[in-house]
Amino acid sequence: MRIARFSIDGNVAFGAVEGEGPDGLVLDIIKGIPYAEFELSGTKVPLSKVRLLPPVLPNKVVAIGRNYAEHAAELGNEVPDVPVAFFKPTTSVIGSGDVIEYPSFSNELHHEAELAVVIGRMCREVPRERVKDVIFGYTCANDVTARDAQKREKQWARAKGFDTSCPLGPWVETDLDPHDLTIQATVNGEQRQLGRTSDMIRSIEDLVVHITEAMTLLPGDVILTGTPAGVGPLHVGDEVAVTIEGIGTLTNKVIKRG
């Protein structure tokens with residue numbers, strides 16, 4: 001099931017996405033929130049009549065760096081012995097169709113297409129065999145990075161945590177095997193990144209176990225699983241799209257921060 005979060009007439013709701021094709025998609029509004037058992041209301045609205053929002057409002061976004069060997073190599077980095085984890089704040093999260101604001105402190109903004117894992121229940125110290133039980137679903141992500149700031153600052157908080165640096169969407173797919181999916185990024189229609197989730201150095205199970213050894217994850221929290229090779233520059237006016245097989249396409253335009 002595809003679960004979207006959206007606004008219409010000033011109201012915010014979750015809905016199940018039904019139908020196919022850009023003109024045939026409708027939302028069946030969900031009663032309540034989707035992390036527990038829920039019912040579909042039967043009230044349906046065309047997707048074209050709503051504004052898509054970030055599909056979740058995470059308490060935290062835990063991102064993993066250098067989880068694809070070719071991406072680590074293209075930036076001159078070694079594959080780390082343990083996963084490199086960092087945070088992106090909630091203020092970095094935007095949805096499909098929202099704008100990425102080019103930060104004033106950077107002259108080298110990069111796209112990073114990623115598979116995002118959405119957590120469905122509170123969990124800590126999750127054993128490997130229980131990982132699938134705590135996952136709500138999967139969505140597309142773009143770990144937008146101020147690469148020059150990342151290079152000159154020892155911590156990545158500004159480089160990867162600035163406002164609008166974490167596009168998520170367009171919705172969460174709850175019924176998906178994430179282990180061998182095509183993941184790609186285009187800029188103005190030109191392909192930049194193309195990889196497969198099977199190329200991850202550490203699997204989703206490895207990442208959930210590693211992260212929850214240290215912290216509690218809450219419903220709606222997000223894990224970014226790393227990016228394949230091909231990261232590259234974004235400029236004001238560019239339109240960047242992240243497409244993941246079985247999920248859909250996350251699209252955002254880059255503007256100058258006002």
Side-chain angles (χ1 to χ4, degrees), residues 54-56 58-75 77 79-88 92-93 96 110-120 123 126 128 130-145 150 156 160-161 165-185 192-215 217-231 240-250:
V56 291
N59 174 272
K60 53 188 169 293
V61 177
V62 187
I64 301 297
R66 303 171 188 169
N67 199 29
Y68 288 76
E70 289 186 3
H71 169 60
E74 73 179 345
L75 296 181
N77 296 312
V79 173
D81 293 333
V82 295
V84 174
F86 57 94
F87 292 107
K88 293 175 84 80
S92 70
V93 175
S96 189
H110 279 196
H111 57 81
E112 295 193 6
E114 309 206 6
L115 175 69
V117 179
V118 180
I119 298 300
C123 58
V126 181
R128 186 180 180 85
R130 294 289 306 279
V131 166
K132 65 180 183 301
D133 298 331
V134 306
I135 293 175
F136 175 62
Y138 305 90
T139 193
C140 305
N142 191 347
D143 176 20
V144 185
T145 301
Q150 184 187 24
W156 296 355
K160 286 179 171 287
S165 66
C166 188
L168 298 174
W171 42 64
V172 177
E173 174 57 66
T174 63
D175 185 16
L176 185 71
D177 183 344
H179 294 99
D180 188 25
L181 304 175
T182 301
I183 177 171
Q184 64 176 318
R192 293 278 189 85
Q193 291 181 268
L194 180 63
R196 301 195 69 82
T197 57
S198 54
D199 294 328
M200 289 182 191
I201 297 168
R202 294 174 180 88
S203 68
I204 290 168
E205 290 81 4
D206 293 335
L207 299 180
V208 172
V209 169
H210 180 76
I211 292 166
T212 62
E213 283 177 341
M215 70 192 72
L217 296 178
L218 303 175
D221 281 352
V222 170
I223 298 172
L224 305 188
T225 58
T227 192
V231 301
V240 57
V242 175
T243 301
I244 299 179
E245 179 183 358
I247 299 176
T249 300
L250 165 70

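This one's a predicted model, so the numbers in the text were calculated from it and none came from an experiment.
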Heavy-atom side-chain contact between Pro228 and Asp199 under 4.5 Å: no

Residues which pass side chain to side chain donor-acceptor pair (under 3.5 Å) with Thr227, listed by chain and number, not counting sequence neighbours: Gln193

Check: Ser92 side chain, Ser165 main-chain N or O, donor-acceptor pair, under 3.5 Å: no

Sub-4.5 Å side-chain heavy-atom contact between Ile223 and Ile211: yes

Closest contact, heavy atoms only, Thr197 versus Tyr68: CA-OH, 3.5 Å

With sequence neighbours excluded, residues passing side chain to side chain donor-acceptor pair (under 3.5 Å) with Glu70: none

Partner set under side chain to side chain donor-acceptor pair (under 3.5 Å) for Thr182, not counting sequence neighbours: Arg196, Glu245

With Asp133 via salt bridge (Lys or Arg N to Asp or Glu O under 4.0 Å) - residues at least two apart: Arg130

Lys160: partners by salt bridge (Lys or Arg N to Asp or Glu O under 4.0 Å), with sequence neighbours left out: Glu112, Asp143

Residue pair Val117 / Leu207, side-chain heavy-atom distance below 4.5 Å: no

Asp175 atom CG, neighbour heavy-atom count above 12 within 6.0 Å: no

Note, Val172 side chain near Tyr138 side chain (heavy atom, < 4.5 Å): no

Summary of salt bridge (Lys or Arg N to Asp or Glu O under 4.0 Å) pairs that have at least one residue in residues 218-229, sequence neighbours excluded: Lys60-Asp221

